Amino acid sequence: MRWIKLQLRFLVPLVAVLALVAWLALPVLDRLTLRWFARDLNLRGALVANTLADSVSEALADPRGRRLPALFGRVVQDERLVAIGWCSPKGELLVRTPLFPQWLNCEMAEQATQERSQQLSIEGGPVHVSMHAMTAETGPVGQLVLLHDLSFIERRSQDTRNYLIALLAGLGVLIGLVTMAVAQLSWRGWMRGTRALLRGEGILTPPVAGAPELEPLAADLRARLRDLEDEYRRSRPQDAVWDAPQLQSLLRTQLRGDQVIVVSNREPYLHERGEDGQIVVRRPASGLVTAVEPVMRACSGTWIAHGSGSADRAVVDRNDRVSLPPGQDEYRLRRLWLTPEEEQGYYYGFANEGLWPLCHVAHVRPVFRESDWQCYREVNQRFADAVVSEARSDDPIVLVQDYHFALLPAMVRRRLPRATILTFWHIPWPNSESFGICPWRTELLEGLLGSTIVGFHTPYHCKNFLDAVDRYLEARIEHEHSTVSYRGEQSLVQSYPISIAWPSPEAVAAMPSPAECRRRIGAELDIPPDHRLAVGVDRFDYTKGILERLHAVERLLEKHPRWRDHFTFVQVAAPTRAVLEEYQAFQQRIEALARRINQRFGAGGRDPVRLLARHHEHDAVNRLFRAADVCLVTSLHDGMNLVSKEFVAARDDEQGVLVLSRFAGAARDLPEALVVNPYHVEEVADALHQALTMPVGEQRERMAHLRSTVREANVYRWAGRMLTDAARWRLRERVSLRVQRQHEGGWD
Ligand code: G6P
C-alpha cells in the first residue's frame with residue numbers, strides 16, 4: 001500500500017507536468033503551422049502568377065475582354081484555389097471568378113495581404129489572400145488576387161494536435177513504467193547503500209554488495225560531511241567564555257538531555273573513618289577529579305568509580321549509590337568494590353606499574369605482568385557491565401576517563417552499539433616506538449577505538465596515538481579529519497586541553513587576602529615575614545620532578561648566598577600509590593635530599609625546605625598559593641598539570657610567578673610563565689632567582705595574561721567542545737537510524 005502511495009506521489013506530478021506541456025505547446029504549434037502554410041501558399045501563388053503571366057498578357061490584349069475570365073475559370077479548377085480576381089493598376093476589380101466574394105475589393109485584398117496571417121473568412125470557409133503584380137514592357141498591367149482554401153490547414157493542424165497528445169500520453173506512460181520498475185529494483189540497494197555510507201562503511205569494508213554505483217556518491221557525501229564538520233569546528237569561536245549554565249544549555253539543546261555517565265577509577269569524594277570513629281569526606285588529590293567534578297555537577301548524571309574510602313560502604317544505598325556533593329545532591333556516584341587482588345593487579349599493577357611509566361617516559365621502567373593484564377581486563381569488564389546497568393537508554397553519553405580503562409570503550413560499544421563514548425586520556429601518549437614495548441599494545445588500541453571520540457590534551461599526543469594506530473593496527477587514518485576507521489567503526493581523535501573551573505566571585509570574596517594568607521602560613525610553619533616563599537604542590541610521584549626541583553633550590557642557595565635564611569621552599573606532597581616500591585623509594589630519596597639541603601643551608605634553627613608529606617584540602621592549598629611569591633611546577637612529563645592553572649586562578653592580586661616545566665601540557669597554554677627544562681638544574685635555579693627578583697609590574701603583566709587565558713579556556717570549555725563534537729556525531733547517527741527505520745518500515 002505504502003509503495004503504491006509513493007509511486008502515485010511520483011506519477012501524479014508527472015501527468016500534471018505532461019498536461020501542462022500539452023496545454024502550453026498546442027497554441028504555439030497551431031500558430032507555427034499556420035505560418036508555415038502561409039509561406040507555402042505565398043510561394044505557390046507566386047508560381048501560379050508566373051505561370052499565368054504570358055497567358056494573362058495575351059488575354060489582356062483581347063479587345064472584348066472575354067479571354068481573361070475564361071482563363072481564370074480554368075485555373076480555379078484547382079482544388080486548392082478557391083477564387084481569382086484581377087485588379088487594374090488603379091485598384092479597380094475588373095474580373096472575378098464566381099466564388100470571389102462580392103464584398104471583397106482590391107483595397108481590402110491589399111490590406112489582408114499586409115497582415116501576418118493573410119487570412120479572410122468567406123462563405124465557404126477561411127481563405128489565404130495573396131496579390132501578385134504583373135508587368136509588361138509598357139509597365140504594370142494589374143494585380144492578380146489569389147484566394148487559396150485554408151480549411152485543409154485546419155484539418156491538418158487538428159491531426160497534428162491529436163498526434164502530439166497521443167505522443168505525450170504514450171511518453172508519460174512509458175516514463176512512469178520505467179521509473180516504477182527502476183525504483184522497485186534499486187530501492188533496496190539504494191537504501192542499503194545510503195545507510196551504509198551514513199555509517200561510514202565502505203572505507204575499509206568493500207562497498208555495499210549490489211550497489212557499486214553508490215560508491216562514488218558515498219565517497220563524495222562522506223567527504224562533504226567531513227568538510228562541513230571541519231568547517232564547523234574551525235568556525236566555532238575559540239574565545240567564548242564557557243560556564244556551567246552554558247554547558248547545561250548545550251546538554252539540553254544539542255544533546256537533548258541525554259543521560260551522562262562518567263567512568264573513572266578515582267572517585268570524586270572519599271568517605272573515611274576518622275580516628276574518633278566519625279566519617280569524614282575527603283577530596284582526593286587528582287587532576288582528573290579537579291577537572292571532571294565541576295562538569296559532572298553541571299551535567300548531573302551518574303559517576304561510576306572505585307569505592308576506595310574506608311567508610312565508603314557505610315554511606316551508599318542498597319544499589320551502592322550515594323548522592324554528591326555531600327548535602328547538595330547534584331549527581332550520583334555508583335561505587336564499585338574491588339577485591340585486594342583486583343586492586344593489586346588492575347590498579348597498582350597494570351595501570352600504575354605498566355601504563356603510567358610507559359606513557360610518561362620518566363625513566364622508570366614499565367613492568368608488564370600477565371596476571372596484572374588479566375586483572376585489568378576483568379576489572380574493565382566489570383566497569384563496562386556497570387555502565388550498561390546504569391544506562392537508562394541504549395544511547396547514553398559515556399565519558400570514560402584515563403588509562404585505567406583503555407579496554408572499556410570497546411566493551412561498552414559491544415553491548416550498547418549506539419552509545420556515544422568519549423574517552424579522555426589524561427596522561428601523555430608516548431611515541432609509537434615507546435608504546436610498542438607493551439605486550440598488549442594491539443588490544444589497548446582496539447579497546448580505545450571503541451570510542452566515538454578519543455581525546456588528548458595536546459595535538460602532539462594525538463599524533464603519537466595516530467602513529468601507534470598506523471603502526472600496530474590495520475586501520476584507515478584520515479589525517480585531514482583526524483579520524484580512524486577500524487572494523488567498520490569510526491573514531492574522532494582530537495585534542496581538548498583540560499582546565500579548571502574558574503572560581504566564582506563569591507568564592508574569591510570568601511578567600512582571605514594574600515597578605516592574610518602569608519601571615520597565617522608564616523605562623524603555621526614558622527617562616528619569618530621577610531622570607532620569600534616558593535611552593536610546590538603535587539602528589540608524591542616520580543613524574544612530578546620534585547627531586548629536580550629540590551636540586552634547583554639547593555643550587556639557588558649555592559649560587560646566591562643572599563637567599564640563605566631569606567628564602568623558604570614549601571613542598572606539599574600528597575601520598576599516592578604508596579604500596580608500590582617505586583613510590584616508596586622515591587619518597588625516601590626526596591626526604592633524604594630535603595634533609596641534606598636543610599643541613600647545608602638551615603640557619604637559626606629554620607629549614608629552607610619544608611616537606612609536607614600529607615594530604616591538604618583545597619582551601620589549605622589555596623591559602624598556600626595566595627601566600628607564595630613563586631609556584632614551581634617542574635614535571636618531567638605531564639599530560640596537562642592543573643596545579644599551574646589553580647595557582648593562576650588563586651592570584652586575583654595578579655602577583656606571584658609561575659615557573660613551569662616545558663614538558664607539561666600546560667606550557668602550551670601558559671607561555672607567560674617562566675618555562676624551564678626541569679632536567680637542567682642550573683636553568684631552573686636561574687628561573688627561580690629571576691622569579692624571586694621579578695619587579696611587581698612584570699609579575700602583574702604576566703599574571704594578568706595567564707589569568708585571562710585560564711578564565712577563558714576553563715574546564716566548561718573543555719567539556720563543551722567535546723560534547724559539541726559528540727552532539728554532531730549523534731545527529732549523524734540519528735539521521736542514519738531514521739533512514740534505517742524508514743527502510744525497514746516497508747521498502748524492503
Ligand atoms: C593522574 C591521573 C588520574 C589520577 C591521578 C591521581 O592525574 O591522570 O587518573 O586519578 O593522577 O592518582 P591516583 O592513582 O591517586 O588516582
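Everything quoted here is computed from the prediction, not taken from an experiment. All ligand and atom numbering here is 1-based and tracks the order in the structure.
Aromatic ring orientation, Phe350 versus Trp440: perpendicular (interplanar angle above 60°, classes split at 30° and 60°).
When all heavy atoms of Leu448 and Val454 are compared, the pair lying nearest together is O-CG2, 3.7 Å.
With sequence neighbours left out, Phe625 forms a ring-ring contact (aromatic ring centres under 6.0 Å, His included) with Phe647.
Checked against the 6.0 Å centroid criterion, the rings of Tyr583 and Phe540 do not qualify as a close aromatic pair. Here the two rings, on His457 and Phe424, have centers that are under 6.0 Å apart.
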Identify all N/O pairs between ligand 1 and the protein with a separation under 3.5 Å and present them as a table of atom names and distances.
residue  : atom   : partner : partner atom : Å
ligand 1 : 8 (O)  : Asp402  : OD2          : 2.5
ligand 1 : 9 (O)  : Asp402  : OD2          : 2.4
ligand 1 : 10 (O) : Ser286  : OG           : 2.9
ligand 1 : 11 (O) : Arg539  : NH2          : 3.2
ligand 1 : 11 (O) : Arg577  : NH2          : 3.3
ligand 1 : 12 (O) : Arg577  : NH2          : 2.9
ligand 1 : 14 (O) : Tyr347  : OH           : 2.5
ligand 1 : 14 (O) : Arg577  : NE           : 2.9
ligand 1 : 14 (O) : Arg577  : NH2          : 3.2
ligand 1 : 15 (O) : Arg266  : NH2          : 3.1
ligand 1 : 16 (O) : Arg266  : NE           : 2.8
ligand 1 : 16 (O) : Arg266  : NH2          : 3.3

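A donor-acceptor contact shorter than 3.5 Å links the side chain of Ser482 to the backbone of Val493.
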